[in-house]
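Below: the structure, in structure tokens.
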Amino acid sequence: MKKCPRCQLVYHMDERARCLYCDTILVTTDRQEEAKKSPAFLAGFSIAQGIVRKLFVGRASDNHARTQFLIGNYFKIRTFSFMYTFSRNEYKMGRTYQRALIQPLSVYSFFLIPWVVYNILDTIFFRLTYNTYCEKCQCKFIRYAGQKEHNPDECEYNREYSAVVNDIVSGRITETESNLKWLAGKKIQAKKKSAYRDLCAGEKGWQPVMDVMCIWFSICLVVITLVLALFPKAIKTVTRVSGEMESIYDEDNAK
């Protein structure tokens, strides 16, 4: 077990090195030592944990940007493609849509123009095709012709994905991550897809390169657009000023 000296949160999986919520380096704690603590201390500690989670997590379930931050912080990856894939899976959750686009627009969207275009097109495709709601996994899914129920494997995958996200957002992940990891291993052995394993897959080599190319393409496109928009006006202004100066020069020569 490991413990955050700042938040006092106990993490049951030894592989974690830093606190999910404050990024403080974790220290090793003895499971037996934690168990020996008095009921009064444990009750106070549980209250403290709840306060810490509220302070650091806040209304993350209602705030997509905050949820993305926690997910990226937990899995140590923040590439555009990873965040978009997460947003798309989260977009399936619930009977109704909580936002207009799969990935909400922000001030940084000017630097992600290719992703914005893809985002708009994919959102239209998503809303046209994900036409059914599953009561078991509480997610939207594509219902093909002749299909009566949601595919069991896909339904199970969605339930696991929702459980992982909800545990991270609520702070319960400190207690459940070892169990999630064990269940993911069982699913992989059974040759099934695991949402937790997919999220833990990490950064692929092409993702950072694509992010850089996307940013540079967006910057170049914005600059070219500004030049094309302002260049004619600049030419007219220079021509007008030159004409006025020539008129003044001609008048001075005439005098």
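Position 1 is the first residue of the sequence; numbering continues from there. Computed over heavy atoms, backbone and side chain alike; hydrogens, waters and symmetry mates excluded.
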Are the side chains of [Y] and [X] in contact, using a 4.5 Å heavy-atom criterion?
X	Y	value
Ile113	Val222	yes
Leu183	Tyr196	no
Ile173	Leu180	yes
Arg99	Tyr91	yes

In this structure, is the centre-to-centre distance between the rings of Tyr118 and Tyr84 below 6.0 Å?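 Centroid distance Tyr84-Tyr118: below 6.0 Å, so yes.
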Going by distance alone, is a donor N or O of one side chain under 3.5 Å from an acceptor N or O of the other, for [X] and [Y]?
X	Y	value
Asn73	Arg78	yes
Glu135	His150	no
Gln68	Ser87	yes
Asp211	Thr79	no

Establish whether [X] and [Y] are linked, either directly or via other cluster members, by ILVMFWY side-chain heavy-atom contacts under 4.5 Å.
X	Y	answer
Ile71	Phe69	yes
Met83	Phe75	yes
Ile142	Ile102	yes

Step through the shown structure and confirm whether more than 12 heavy atoms of other residues, nucleotides or ligands are within 6.0 Å of CD1 on Ile25. no
By ring pair (Phe, Tyr, Trp, His ring centres under 6.0 Å), which residues pair with Tyr130, not counting sequence neighbours?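 Applying ring pair (Phe, Tyr, Trp, His ring centres under 6.0 Å) to Tyr130 gives Phe126.
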What pairs with Phe217 under ring pair (Phe, Tyr, Trp, His ring centres under 6.0 Å), at least two apart in sequence or on another chain? none
When rounded to the nearest 0.5 angstrom, what distance separates CZ in Phe80 from OG1 in Thr85?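 Going from CZ on Phe80 over to OG1 on Thr85, the span is 13.0 Å.
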Can you tell me how far CG of Asp198 sits from CZ of Phe82, rounded to the nearest 0.5 angstrom? 10.0 Å
Which heavy atom in Cys137 sits nearest to a heavy atom in Ser162, and how many Å separate them?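 For Cys137 versus Ser162, the nearest heavy atoms are O-OG, 4.5 Å.
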Over all atoms of both residues, closest heavy-atom pair of Ser194 and Tyr157: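 Reported closest heavy-atom pair: C-CE1, 3.6 Å.
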Taking the six-membered ring of Tyr97, is NZ or CZ of Lys140 closer than 6.0 Å to its centre and within 45° of its axis? yes
Heavy-atom donor-acceptor pair, Asn131 side chain to Arg143 backbone, under 3.5 Å: yes
Using a 3.5 Å distance criterion without hydrogens, assess whether the side chain of Thr123 forms a donor-acceptor pair with backbone atoms of Leu101.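 Between the backbone of Leu101 and the side chain of Thr123 there is no qualifying donor-acceptor contact (under 3.5 Å).
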Going through the checks in order, is the salt bridge (charged side-chain N to carboxylate O under 4.0 Å, His left out) test met by Asp153 and Lys193? CA-CA 8 Å; Asp153 292 337; Lys193 289 181 63 178; over 6 Å; no
Take Glu177 and Tyr74 through the side chain to side chain donor-acceptor pair (under 3.5 Å) test and state the conclusion after the steps. CA-CA 11 Å; Glu177 60 183 346; Tyr74 180 84; 2.8 Å; yes
